[in-house]
Amino acid sequence: MHQTEKGLCSSCGLCSIQAWPVEESITSCVFKNGWLGERERKLFGRERSFDDPVEMRFGITAERFTAQLKNPVSESQWSGIITRIAMRALEEKLVEGVVSLHRSTDNVFFSIPVLARNSDEVYATRGNKPVLSPVLQSLQNAYRLGMKKILVIGAACHLHTLRDFQERFAYLKDMEVLTIGIPCVDNVARSQWPWILKRMTQSPGTARHMEFMQDFRIHIRHEDGHVEKIPFFSLPEELSNPGIFPAACMSCFDYLNSLADITVGYIGAELLPDKKRQWILVRTDTGKRLLKLIEHELDRFPESGRWECSSFIKNTSSRIIESMKNVNKAYSTKRRIPVAAGHILAGVLGMIGPKGIGFAHYSVDFHLIRHYYYVKFRNTDRLKKLVPRHVPVILAEYGLPL
Ligand SMILES: Cc1cc2nc3c(=O)[nH]c(=O)nc-3n(C[C@H](O)[C@H](O)[C@H](O)COP(=O)(O)OP(=O)(O)OC[C@H]3O[C@@H](n4cnc5c(N)ncnc54)[C@H](O)[C@@H]3O)c2cc1C
Ligand code: SF4
Ligand code: SF4
């Protein structure tokens, strides 16, 4: 693994490419250049408005709504909107290849980088691989094949680094690169994943699908189809140790992938029984073109939920700051509260807590506060470089110190 001078690296895959010098790849690393700022200005002609509380959290958008595919793609993460857009983009010859991930045959949660060139290969990219993944490695194949139009599906670190590299160096200058972004947070290193999964579920060997849900529970689907639900509050305390996450992901300030042409997530959609509603943030004209490919396949709904969530943030912020500060804190192996009590608490919060865009607001602010103090207390000299300018504005809203 190549790393920037402070050891921050999300294994995005660019430095594994041999078609150009690794020193050039590192020059474009988001952990060297920082999040948003100039890159956002280059893409949109301006930075997000600090006077607009919604844009500060969700980034610049042309349109936002919730939606579900009328015919969900089986074994996709939610309803499979990303997979369908990518398949249609290839069918319509909008692109010649799709840079994404296949599942590893050794572990369903692990990824292998791929340049998918036909519908079957794109179909096989569906579903999350909740580990750091070298998506950008496949740029090398596209470059060597002389492709002129590609689609890249990636997390925010992938798309920041890719956009910088394409602008800075000649290699990809003539390539039209379309992008679909996933929201991404709390990702983990492969070496750490078995340890984490074992502490989340009683049966790690049969787990096939995992998601942190808006009902304050982790849902783990097992190979026999049953879904195990564990309240966040009942996970072992050791899973809240910031040390188990990659330093790169704890220094990440673009949860909602603001440089993607279109971001497709779920966190701002309300969780409804037996539905797989997703949250779409269309950001650029290219994003509009990508959405148009599957517009007729979607059931669309307006965003819902109340924006306000400050009491929930205020209740947790001092605990977050303390745990980021206390580098030597010992974490217990015990559950924070018993599972039955956790379900009651999750049920109450499900009724009175934030929903829809309020939940997205809460989740963005929670992670932004956590990451600000992580960098402040554990990597102080990177604070200025890494932290985008809207972050102090949001901290000030809650009266939190810089
Ligand atoms: C670690 C992680 C954390 C996430 N956290 C959130 C969250 O907090 N809120 C939220 O709204 N959404 C989050 N997502 C995204 C969300 O789970 C779905 O991937 C997204 O909503 C798309 O659903 P879909 O059914 O359209 O995806 P699908 O059609 O199944 O397509 C998913 C696409 O994402 C790609 N992909 C999978 N894993 C990775 C990875 N590790 N890196 C890069 N690309 C990958 C797949 O290869 C595929 O192309 C997260 C995803 C990951 C991997
Ligand atoms: S995150 Fe990507 S660009 Fe940065 S050091 Fe790691 S592999 Fe290289
Ligand atoms: S949390 Fe951030 S740094 Fe980590 S993989 Fe996701 S986008 Fe990249």
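Keep in mind that what you see is a predicted model, and the values were worked out from it rather than measured. The analysis underlying the following values was restricted to heavy atoms, covering all of them including side chains, and did not include hydrogens, waters or symmetry mates. Whatever order the structure lists ligands and atoms in, that order sets their numbers, starting from 1.
- Shown in contact with Cys9 at under 4.0 Å from a heavy atom are these atoms of ligand 2, numbered in order with element: 1 (S), 5 (S), 6 (Fe), 7 (S).
- In this structure, Arg389 is not positioned above the aromatic face of Phe50 in the sense of NZ or CZ being under 6.0 Å from the six-membered ring centre and within 45° of the axis.
- Nearest to atom 15 (C) of ligand 1 by heavy atom, out of Pro130, Ser133, Pro183, is Pro183.
- Between Glu75 and Arg103 there is no salt bridge, since no side-chain N of the basic residue sits under 4.0 Å from a carboxylate O of the acidic one.
- Within the 4.0 Å heavy-atom criterion, the part of Glu211 lying near ligand 1 is the side chain and not the backbone.
- Within the structure, every pair that satisfies the ring pair (Phe, Tyr, Trp, His ring centres under 6.0 Å) test and touches residues 63-106, not counting sequence neighbours, is listed here: Trp78-Tyr266.
- Close approach to Gly265 involves these atoms of ligand 1, each under 4.0 Å from a residue heavy atom: 11 (O), 21 (O).
- For Ser111, no heavy-atom contact with ligand 1 is shorter than 4.0 Å.
- Short contacts between ligand 1 and Val131, defined as distances under 4.0 Å to a heavy atom of the residue, involve ligand atoms 41 (N).
- Closest to atom 20 (C) of ligand 1 among all protein heavy atoms lies Val264 O, 3.2 Å.
- Annotation: cation-pi pair Arg64/Phe58 absent, no NZ/CZ under 6.0 Å from the ring centroid and within 45° of its normal.
- Residue side and main chain included, Cys12 places an N/O/S atom under 2.8 Å of atom 2 (Fe) of ligand 2.
- For atom 47 (O) of ligand 1, the closest non-hydrogen atom on the protein side is Thr125 O, 2.9 Å.
- Each of the following atoms of ligand 1 lies closer than 4.0 Å to a heavy atom of Val135: 43 (C).
- Of all the heavy atoms of Tyr255, the ones lying under 4.0 Å from any atom of ligand 1 belong exclusively to the side chain.
- Partners of Arg370 according to the salt bridge (charged side-chain N to carboxylate O under 4.0 Å, His left out) rule, which considers only residues two or more places apart in sequence or in another chain, are Asp186.
- At a 4.0 Å heavy-atom cut-off, ligand 1 touches Ile182 through the side chain alone.
- Near His158, the atoms of ligand 1 lying under 4.0 angstrom from a non-hydrogen atom of the residue are 42 (N), 43 (C).
- Within ligand 1, the atoms closer than 4.0 Å to a non-hydrogen atom of Arg126 are 30 (O), numbered from 1 in the order shown.
- Every atom of ligand 1 is numbered from 1 in the order shown, and the set under 4.0 Å from a heavy atom of Gly80 is 24 (P), 25 (O), 26 (O), 29 (O).
- If you number the atoms of ligand 1 from 1 as listed, the ones under 4.0 Å from a heavy atom of Ile153 come out as 49 (O).
- For Phe31, the closest heavy-atom approach to ligand 3 falls below 4.0 Å.
- At least one donor-acceptor pair closer than 3.5 Å links the side chain of His158 to the backbone N or O of Ala155.
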